[in-house]
Amino acid sequence: MIDELQVSNIALIREATLAPSPRFTVLTGETGAGKTALLSACRLLMGARADKTLVREGAESATAAGRFFRGDEETVVIRRLSADGRSRVSVNGHMAAVGELSELVAPTIDLCGQHDQQQLTDAARHQALFDSWAHEALGPALENYCNAWEERRRAKAALDQLAAAAQQSEAAIAQARADRDRIEATDPQDDEYDELLARVQRAEHSEALMAAAQAAHGALAEEGGALDALNSAIFALDGAAAADAALADFAKPLKEAVFLAEDAARDIARYREDLDFNPEEMALLQSRLQELQALMRLFGPTLADVNKRRCEAQQLLESIDCSDELVEKAKLQLNAANSALSEAGRVLSAARHGQKGTFEQQINEVLEQLEMKGAQLECQMAPLPFEQWTANGPDAIEFLFSPGKSLTPRPLARIASGGELSRVMLALKVVMGQADPVETLVFDEIDAGVGGATAHALGRLLAQLAESHQVIAVTHLAQVAAFADTHYVVEKTDDDAPETRMCPVTGASRIQEVARLLSGSRTAASLAHAEELLTAAQQEC
């Protein structure tokens, strides 16, 4: 919903603000006062192409700013157009691209005028509009169709993947087989390299390691070594402990040291025995290490990567070897999914056709209230070939319009009258009610060629529509203006450089403006008629 809209220097508008609470707002004024400039501002904020002629003559730039609410979410959009044609956009204080406005703002507003492109003239959107209106009746059928469509998509993707694998080049298959065979000939283990590298390094330095172990063992266990010295110290202390028990306490840690030294001497002796590498074993270790390093250079950097390549190559070869069987199975699954989708599509199409007549009847009843004599809207449903079905269903849905019973219905995009198009949009929106995803509707030229009782019906329908939407209408009809919650008058100043200003009118000022719309002047009779019209409209609402 548009909460606030401010415009500067755009088509001579200085500033305009729409109050947030009213749902139905009308703009009136003399011909040429600049009422449609409001639509120009909306178009800019919706991401339309900017035209530098919108900048007021002599000004450096023009600015359109809007504050929008969707639920509890507030969005502030500012678009600045410079005199040289450049455009800048900010959304909630952050720089943004113009294209973002078409995604952020445009879906929330429908501009219903002769020169605007909106949902009604885009046949590609008609299916979504119809399904939104009929969502309660179509719910189960739509859900089943969507599930069947997704299942069919997965089945087709699986078959396509197998077909792609079967079309692998002979070179790729040969390479996979060669890679697998080469890796399996060596059969590396993921954690083998580090352990093997440590063993080779130890073997290469075996002489130095042997000398160190020998020296350490001799210092501990040979005659005159550390163990002999410790045992001699213990013997001396224990021998004199009878005279002084404190000496026995000194001997305790030395005895523990003896145990540790003996364990160390045994471990060093075993280590020394393990260092007994022979040339043949050394050659085997080095050869194995070189084999692993060669594989790591080709498929690495780690042995885990090497084994990953072996697994990938094996899977590819297996898929080729049993591709015929897998393809046949995938084809059966796709055929089953096609059958399920065909049935779901038949049910959905039948459900849509079951709602078609009611949809057309409701819209045409509203058109009749607007005294569009003989005008008919037709919801055309054409079955699509199975190959052209989409996630939205098996039908092509388009709204056709005939301005007279004897005339051939035509696509809405080809309707010449902007007022006609706006009234069809009004009928569609009234019928859709809360099901319409677009919250704000801006009508221009909806009252073209309308008067009398039709004008009253038009105002009443706009007020009815405002119960489920925010409605903004540019009008010349007092009967329409009388139904609005808020009324703005657009006026142009008489200065050498005239400006257009938008001012709210209430009370006596509003009665005077409605009187002007009724008779072109403010006489006692027109003022009385205007007051009566406003009172009756408010009571009717």
Side-chain angles (χ1 to χ4, degrees), residues 123-124 127-128 131 138-192 291-292 294-353 381-398:
Q127 174 267 320
D131 286 353
L138 300 182
L142 270 172
E143 183 179 358
N144 290 338
Y145 179 86
C146 290
N147 292 337
W149 173 267
E150 180 60 24
E151 185 63 30
R152 195 257 182 186
R153 186 197 64 78
R154 287 196 293 264
K156 188 175 186 305
L159 180 59
D160 291 344
Q161 184 176 6
L162 287 172
Q167 293 174 0
Q168 289 279 349
S169 68
E170 290 298 325
I173 297 173
Q175 186 64 55
R177 183 171 287 108
D179 291 347
R180 181 201 61 183
D181 293 346
R182 177 164 185 174
I183 296 171
E184 287 188 346
T186 303
D187 193 23
Q189 306 303 310
D190 287 353
D191 56 354
E192 178 182 3
E291 290 176 349
L292 297 180
L295 290 177
M296 290 163 65
R297 282 193 297 270
L298 287 173
F299 310 110
T302 67
L303 286 181
D305 295 316
V306 173
N307 284 319
K308 180 181 178 182
R309 172 54 186 160
R310 171 165 56 175
C311 181
E312 291 173 347
Q314 182 64 28
Q315 289 176 347
L316 174 59
L317 295 173
E318 288 176 355
S319 68
I320 296 300
D321 293 340
C322 60
S323 60
D324 291 342
E325 179 183 348
L326 293 175
V327 167
E328 286 303 315
K329 182 178 179 181
K331 285 181 177 179
L332 291 175
Q333 292 175 340
L334 180 58
N335 289 337
N338 285 338
S339 298
L341 181 62
S342 295
E343 175 60 18
R346 184 193 64 78
V347 172
L348 175 58
S349 185
R352 282 174 169 166
H353 278 83
M381 295 183 181
L384 294 169
F386 186 78
E387 297 76 16
Q388 296 179 19
W389 287 16
T390 70
N392 297 320
D395 310 298
I397 298 179
E398 183 177 5

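We're numbering straight along the sequence, starting at 1. What you see below is based on every heavy atom in this structure, not just the backbone, and it leaves out hydrogens, waters and symmetry mates.
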Any side-chain heavy atom of [X] within less than 4.5 Å of one from [Y]?
X: Val347; Y: Asn144; answer: no
X: Val306; Y: Arg309; answer: no
X: Leu138; Y: Arg352; answer: yes

Please tabulate, for the side chains in residues 332-342, all donor-acceptor contacts under 3.5 angstrom to protein atoms that are two or more places apart in sequence or on a different chain.
from   : atom 1 : to     : atom 2 : distance (Å)
Asn335 : ND2    : Lys331 : O      : 3.3
Asn338 : OD1    : Arg152 : NE     : 2.8
Asn338 : ND2    : Leu334 : O      : 3.4
Ser339 : OG     : Asn335 : O      : 3.0
Ser342 : OG     : Asn338 : O      : 2.9

How long is the span from the [atom1] atom in [X] to the [atom2] atom in [Y], to the nearest 0.5 Å?
X: Asp131; Y: Leu142; atom1: CG; atom2: CG; result: 5.0 Å
X: Arg346; Y: Glu343; atom1: CZ; atom2: CD; result: 4.0 Å
X: Leu317; Y: Glu312; atom1: CG; atom2: CD; result: 12.0 Å
X: Leu303; Y: Leu292; atom1: CG; atom2: CG; result: 5.5 Å
X: Asn392; Y: Leu384; atom1: CG; atom2: CG; result: 10.5 Å

Review point. How far apart are the C-alpha atoms of Gln175 and Asp179, what are their side-chain angles, what is the distance that settles it, and do they pass the side chain to side chain donor-acceptor pair (under 3.5 Å) test?
Key: CA-CA 6 Å; Gln175 186 64 55; Asp179 291 347; 2.7 Å; yes
Practice item. Check the pair Arg177, Asp181 against salt bridge (Lys or Arg N to Asp or Glu O under 4.0 Å), reporting the backbone distance first and the verdict last. Key: CA-CA 6 Å; Arg177 183 171 287 108; Asp181 293 346; 5.6 Å; no
Point to revise | Residues which pass salt bridge (charged side-chain N to carboxylate O under 4.0 Å, His left out) with Arg182, listed by chain and number, not counting sequence neighbours | key: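 Scan of Arg182 (salt bridge (charged side-chain N to carboxylate O under 4.0 Å, His left out), adjacent residues dropped) gives none.
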Can you name the nearest heavy-atom pair linking [X] to [Y], along with the distance?
X: Asp395; Y: Ser349; result: OD1-OG, 3.0 Å
X: Ile397; Y: Met381; result: CG1-CG, 4.1 Å
X: Ala330; Y: Leu159; result: CB-CD1, 3.8 Å
X: Ala176; Y: Ala313; result: O-CB, 3.3 Å

Check your understanding: Are the side chain of Trp149 and the backbone N or O of Thr390 linked by a donor-acceptor pair below 3.5 Å?
Key ->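 Not confirmed, Trp149 side chain does not pair with Thr390 backbone.
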Point to revise | Thr302 backbone acceptor or donor facing Asp305 side chain under 3.5 Å | key: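 Yes: the side chain of Asp305 pairs with the backbone of Thr302.
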Point to revise | Residues Asp187, Arg310: salt bridge by 4.0 Å N-O rule | key: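 Answer for the salt bridge query: yes.
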